[in-house]
> 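I have a structure here, written as C-alpha cells, and I will follow up with some questions on it.
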There are 2 protein chains.
Amino acid sequence: MYIRIIERLMPFQMYSKELLKGTLKPIILKLLSEKESMYGYEIVQAVKELSAGKIVIKEGSLYPLLHSLTKDGTLEAEAVMIGKRIRKYYRLSQKGKTVTTESLSELQNFIKTIEQIIYPKEGDYAFKN
Amino acid sequence: MYIRIIERLMPFQMYSKELLKGTLKPIILKLLSEKESMYGYEIVQAVKELSAGKIVIKEGSLYPLLHSLTKDGTLEAEAVMIGKRIRKYYRLSQKGKTVTTESLSELQNFIKTIEQIIYPKEGDYAFKN
DNA sequence: CGAATATACATAGATTTATGATGTATTACA
DNA sequence: TGTAATACATCATAAATCTATGTATATTCG
C-alpha cells in the first residue's frame with residue numbers, strides 16, 4: 001500500500017509507454033529463446049537488467065500477455081510450488097519457436113525502416129527544400 | 001467507394017500497426033524538421049517513399065495527430081487554396097523544434113535499448129541457462 | 001522481533017494510439 | 001466519361017499497456 005504511493009511519487013524515468021507497444025511480445029519471446037524456461041517475475045527482472053532499468057514491464061501487462069500466449073499455444077506453462085508460494089514457469093512450444101523467429105524478424109525489420117527515416121543517408125530526403 | 005473495397009482485399013503487407021505506436025509523432029516531426037513546411041497528403045507520400053512502402057500512414061491517424069500537435073503549439077498551420085482545393089501546410093513552431101529534438105532522441109534511445117535486448121553482446125545474457 | 005521490502009501471482013478498468021469506415025470534393029488522365 | 005489520384009475530415013472501434021488494486025509468502029535489517 002505504502003509502496004504503491006511511493007512508486008507513484010518517484011517514478012523513475014522510463015520510456016513513454018507508447019513506444020513499448022508491440023515490442024513486449026518479441027522481447028519476452030526472445031528471452032524465452034535464450035533460456036529453457038522462465039517465470040513471470042524473473043522476466044520482469046531480466047528485462048529491467050538488460051535494459052539498464054529503462055524498461056520495467058508492469059505486472060498488468062505481463063501476466064495477461066503470458067496467459068494469452070499460453071492460450072494460443074505459443075507458450076507452455078508449468079506451475080511449481082516453491083515452499084508455500086506458487087511459481088509459473090513458461091517455455092516456448094514448438095510453435096512458439098516459429099512465432100519467436102517471425103516476431104523478432106518483424107521487429108528488426110521495423111527498426112531498420114524507422115532508422116532509415118530518422119537517420120537518413122545522403123539523398124534520402126531528395127524532396128528536401 | 002470501389003477503391004476502399006479493393007484496398008481491403010489487397011492489403012499490402014505492412015507492419016502490424018502496434019509497432020507504429022509512439023513512432024508516428026517523431027517521424028512526422030523529423031520530416032518537418034527537414035523541410036520548411038509540408039501538408040498532410042505530402043507527409044503520407046514522403047513516409048511511404050522513405051520507407052519503401054512499408055509505412056503507410058492512414059488519414060485517420062495523420063489528420064487528428066496534426067490537429068492535436070497544432071493545438072498544443074508544436075505545429076503552426078496555414079491553409080492555402082490550390083485552385084478550388086484546400087491544402088494545409090504545417091511547420092514546426094519554435095517550441096516544435098524543441099519537441100522534435102526530444103521526441104527523436106527518446107525514440108533513438110529506445111531503439112538502442114531494444115537492440116541491446118534483441119541483439120545481445122556476449123555476456124549480456126549472463127543469466128543464460 | 002517486527003516492520004519494511006522483495007517475491008509472486010492475478011485481474012478489472014482506464015488510457016492511449018492508430019486504424020477502419022465513411023464522407024465530401026476537386027483534379028488529372030486514359 | 002469514368003477511374004484514379006489528390007486532399008481534407010471525423011467517428012467508432014480495436015489493440016496494447018498501464019494503473020490500481022488485491023492476496024499471500026519470504027527475506028532482510030534495524
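Letters go in sequence order (proteins before strands), and every chain restarts at 1.
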> Going hydrophobic residue to hydrophobic residue with side-chain gaps under 4.5 angstrom, can you get from A:I86 over to A:L66?
no

> Report yes if some heavy atom in the side chain of A:I117 is under 4.5 Å from a heavy atom in the side chain of B:I55; otherwise report no.
yes

> Between A:K25 and B:Q45, which is nearer to the 5' end of DNA chain D once each is assigned its nearest nucleotide?
B:Q45

> If you check every side-chain atom of B:S61, which of C:dA18, D:dA9, C:dT7 has the closest atom?
C:dA18

> Would you mind reading off the distance between B:E59 atom CD and D:dA7 atom P, rounded to a whole angstrom?
12 Å

> Could you state the CE-P distance from A:M38 to C:dC9, rounded to the nearest angstrom?
11 Å

> With a 4.0 Å cutoff (strictly under), does any side-chain N or O of B:Y63 reach OP1 or OP2 of D:dA9?
no

> So A:L24, base contact, sugar-phosphate only, or nothing? Heavy-atom distance under 4.0 Å.
sugar-phosphate

> Can you tell me how far C1' of C:dT16 sits from CG of B:L65, to the nearest Å?
12 Å

> Under 4.0 Å between a Lys/Arg side-chain N and an Asp/Glu carboxylate O for B:K35 and B:E42?
yes

> Would you indicate, yes or no, if C:dA10 has its OP1 or OP2 atom less than 4.0 angstrom from a side-chain nitrogen or oxygen of A:K88?
yes

> CD1 of A:I43 versus P of C:dA10: gap in Å, rounded?
11 Å

> Which parts of residues 72-86 of chain B get close to DNA chain D, meaning a heavy atom less than 4.0 angstrom away?
B:R85, B:I86

> Examine the base of C:dT19 for any acceptor or donor lying under 3.5 Å from a partner atom in the side chain of B:K58, and report the outcome as yes or no.
no

> Are more than 12 heavy atoms from other residues, nucleotides or ligands located less than 6.0 Å from atom CD of A:E49?
no

> Just to confirm, is there a sub-4.0 Å distance from OP1 or OP2 of C:dA8 to any side-chain nitrogen or oxygen of A:Y39?
yes

> Name the residue closer to the 5' end of DNA chain C, choosing between A:H67 and A:Y41 according to the nucleotide with the nearest heavy atom.
A:Y41

> Rounded to the nearest 0.5 Å, how far does NZ of A:K95 lie from CD of A:E76?
11.0 Å

> A:G60 near the nucleic acid: base, sugar-phosphate alone, or nothing, with a heavy-atom cut-off under 4.0 Å?
base

> Looking at every non-hydrogen atom in both residues, tell me the closest pair between B:Q116 and A:S51 and how far apart they are.
NE2-CA, 4.4 Å

> May I have the distance from B:L66 (atom CG) to D:dT10 (atom P), rounded to whole angstrom?
12 Å

> Check this for me: does the side-chain of A:K21 come within 3.5 Å of the base of C:dT16 through a donor and an acceptor?
yes

> Are A:L75 and A:L29 close enough that some pair of their side-chain heavy atoms sits under 4.5 Å apart?
yes

> For a side-chain contact (heavy atoms from CB on, under 4.5 Å) check, start with the C-alpha distance between A:Y41 and A:Q45, then their side-chain angles and the critical distance, and finish with the verdict.
CA-CA 6 Å; A:Y41 190 80; A:Q45 301 309 318; 3.3 Å; yes

> Can you tell me the distance, in whole Å, between the CG atom of A:L19 and the C1' atom of D:dT17?
12 Å

> Return the value, rounded to whole Å, for the distance between atom CZ of B:R87 and atom P of C:dT27.
11 Å

> Just how far, in rounded Å, is P of C:dA10 from CG of A:L62?
9 Å

